[in-house]
**Student:** 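Could you have a look at this structure, given as structure tokens, before my questions?
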Amino acid sequence: MDRQQLQSLLGQMTLDEKVAQLLQLATPFFEGADDAGMITGPMASLGVTEREVRGAGSVLGLSGAQQVIDIQTNHLKFNRLGIPLLVMSDIVHGFKTIFPIPLAIGCSWDMALAERSAEVAAREAAVSGVHVTFAPMVDLVRDPRWGRVMESTGEDPYLNGLYARAFVRGFQGKDLTGDTDRVAACVKHFAGYGAAEAGRDYNTVDLSERQLREFYLSAYKAALDEGCEMVMTSFNTIDGIPASGNRWLMRTLLREEWGFDGVLISDWGAVKELIPHGVAADESEAALKAIRAGVDIEMMTPCYVHHLADLVRSGAVEERLVDEAAMRVLELKRKLGLFERPLRGADPEREREVVFCEEHRAAARALAVKSCVLLQNDNDVLPLAPAAKVALIGPFAGSGDILGAWSWQGAKEDAVTLHDGLLAAGLDPARLVVADGCGVDAAATAEQLDAALAAAREADVVVLALGEHAWMSGEASCRADIRLPEAQLALIAALKPLGKPTAAILFNGRPLDLHGVADQVDAVLEAWFPGSEGGAAVAELLLGKASPSGRLAMSFPYAVGQVPVYYNAYNTGRPNVPTAPDHYVSKYLDIPNEPLYPFGYGLGYTTFAYGEPTLSANELTAGGELTVSVRVTNTGRRIGEETVQLYVRDIAGDVVRPVKELKDYRKLVLAPGETAEAVFTLAEPQLRYYHANLTWTSDPGEFVVFVGPNSRDAAGVRFRLTAAV
Ligand code: NOJ
């Protein structure tokens, strides 16, 4: 079908049929669904008719090749013009083969593996009948209380933009029409959802336009520049107006300024939520505001389907707006080849071969290895000494609950636990004693504690497998206290008097306050929720078959009272300078300003020494380039991968500038004793930012370029930009 045929199809559609294309419903509404008709609670109160369901343009939460075939076949039987349904699902970090959570992927700084994770997820989803994934989620995050930080790639706009692009490439490939192993991507949540006040989900966001543009918007834009087909609105307000009814955000910025002409979908229920937000009196006004703002598909509320046609007939809404929205939906169906192949990739036989195959699991394992971050390794407790007797203790020792939220097709039973991983990686069972110690958030029973103490006593080294339940992060799963649950802190304290060398392995979805952990043990390995192959990946690291190379994509606060704490902050007029102590400076009386572990931080099993960074010149001209070089030497005894990071600071801007901004990084793999040079180029466009009048320009004058292993320890050299643009 070509564009012209699509236009003529639109011409044949009644107003009601066009509006129905803008309705998205969950799977149970559709005949042919495994759970067809199981509509309860808020779903039942939707009050949509059978006719409206039969005309609906898309379905969400659907997968499974046979089920998709049944629903689509049935849908086409009753749809007057034979318009196929679009099948959308949340395939966030894998389909059945679960990859590490996105925040963990964010710590890999490995765009090739990130892209591969999305490609694998797309292949499994597509063969099971999915056309669109509600991913990537690229919300910039600074508050670990917010449960959804696990879905993001962290606090840095540049890094988030690279991941956004990598994920879109992986999901969509180069040819959505021909390559039925790919799915369309939907970047979310537009916009600024990660800035929810107090880290509480769905809460108010109030950012200046400068903050929004400078930090939050660029990753969504990067996804769109990579060709991302869809955008999802966010639940929050932006400058007092909820995103799903925000005309400036959706029409002026997204559509007009950025030129986005793809499908814009509301988040679940977000159109009707304009009512409790307090900007619409009823469903009709909510529909009016959303369509005017530019929302094409309404997910799971009936404001459009019940009111849009009347609004057009009364003249309140121009029919053109409905036509444009319906056309975008039809165009996406055309691009996906659905008019010719309504079942697209859905293939039950191939599904059995492809989904959770060994090749996909190997990709998940490789990324999990790269996503773990070694935060502390006193006395070189890790990797475990070859002959050491190991006590593996803790609620995650044998737990498959390591997939994390948004892994609804993944099965915990299929996940490789740490215990299984260690044995499979060759740890002699005679050298391993295992005890769960306590529950994730259930205090140790006397028997559990005795068993844990006995295991630790007979071991040379203790490996603690600790963390959060998967449900403790993700949507609507915020925590005000971000320490490990009390039961596990008590377990650590109970084992401490034995004086055994101890490594804590953490399975969790957010940066934690590690008091009671980092100060009690020798080593801390942040494994996040590492996915289906998590235990195998962590075992490789513990046994030294691989070395940790992850670098934090989000700061770990010293204490929750610092939150939000992030590296690319402003200096203030009264910065706290430890070498020149003063009372009237920006500081806390009781804790440091700095996070416990900063952005970009991570250790390995070897050490690296940095030379002084050198510049090719100390002036940069507007059209020119500077070369920044630094020599890095592996000063340890093992091969290791270093991520050399380059940051910039503008000393005197038109508006205040962050103390550091990541601009680039290089990975070096060095053998013991080996030295290599990391070479970067820096050009004027990398120094631009939004000035007071929101123009995107640079400042002539002094800059510092920093090169180093993380955002805290980077050494700086000054240069001048001679003329700005
Ligand atoms: C609500 C979530 O905010 C969004 O991320 C998700 O894609 C939709 N529900 C659909 O499941």
Side-chain angles (χ1 to χ4, degrees), residues 23-30 33 35 41-43 46 56-63 85-95 101-103 118 121-122 125 130-141 146-153 164 167-168 171 183-196 199-205 219-220 223 228-238 242-244 262-274 276-277 290 295-301 404-410 471 473-478 509:
L23 172 66
Q24 175 161 107
L25 295 170
T27 311
F29 283 89
F30 294 87
D35 50 2
M43 283 205 204
L46 229 55
S58 56
V59 48
L60 90 145
L62 171 59
S63 64
L85 271 175
L86 263 173
V87 176
M88 307 198 188
S89 274
D90 288 282
I91 313 303
V92 175
H93 55 114
F95 180 74
I101 55 171
L103 187 57
V130 174
H131 308 144
V132 178
T133 176
F134 293 134
M137 185 278 213
V138 303
D139 302 324
L140 184 136
V141 289
W146 193 49
R148 301 196 78 167
V149 300
M150 54 76 53
E151 283 175 65
S152 159
T153 49
F167 288 138
V168 171
F171 285 131
V183 295
C186 174
V187 66
K188 66 188 186 186
H189 307 83
F190 197 70
Y193 184 36
R200 180 157 51 78
D201 208 3
Y202 317 125
N203 202 10
T204 305
V205 170
Y220 311 107
C228 185
E229 291 291 343
M230 282 184 57
V231 174
M232 185 187 293
T233 68
S234 55
F235 287 122
N236 53 277
T237 53
I238 287 287
S244 306
V263 175
L264 174 61
I265 187 168
S266 80
D267 201 345
W268 177 298
V271 172
K272 192 167 172 182
E273 286 170 20
L274 296 178
H277 265 300
V295 174
D296 299 320
I297 298 180
E298 179 183 8
M299 187 197 293
M300 280 305 288
T301 48
W406 297 111
S407 51
W408 57 286
Q409 283 290 342
W471 54 259
S473 58
E475 187 176 352
S477 300
C478 305

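In each ligand, atom 1 is the first atom listed, and ligand 1 is the first ligand listed.
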**Student:** Dump the intermediate steps for side-chain hydrogen bond (donor to acceptor under 3.5 Å, both in side chains) on S63 and Q409, then the final yes or no.
**Tutor:** CA-CA 9 Å; S63 64; Q409 283 290 342; 2.8 Å; yes
**Student:** Kindly tell me which protein residues have any non-hydrogen atom under 4.0 angstrom away from an atom of ligand 1, grouped by chain and ordered by number?
**Tutor:**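 Under the 4.0 Å cut-off, ligand 1 touches L60, D90, F134, R148, K188, H189, M232, F235, D267, W268, M299, W406, E475.
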**Student:** Decide yes or no on side-chain hydrogen bond (donor to acceptor under 3.5 Å, both in side chains) for D139 and Y220, but give the supporting numbers first.
**Tutor:** CA-CA 8 Å; D139 302 324; Y220 311 107; 2.6 Å; yes
**Student:** Please check if the side chain of W146 supplies one atom and the backbone of A195 the other of a donor-acceptor pair under 3.5 Å.
**Tutor:** no
**Student:** Can you find a heavy atom in the side chain of C186 that is under 4.5 Å from one in the side chain of V231?
**Tutor:** no
**Student:** Under 6.0 Å from the six-membered ring centre of W406 and within 45° of its axis: does the NZ or CZ of K188 meet both?
**Tutor:** yes
**Student:** So which heavy atom on V87 is nearest to which on L62, and how close?
**Tutor:** CG1-O, 3.5 Å
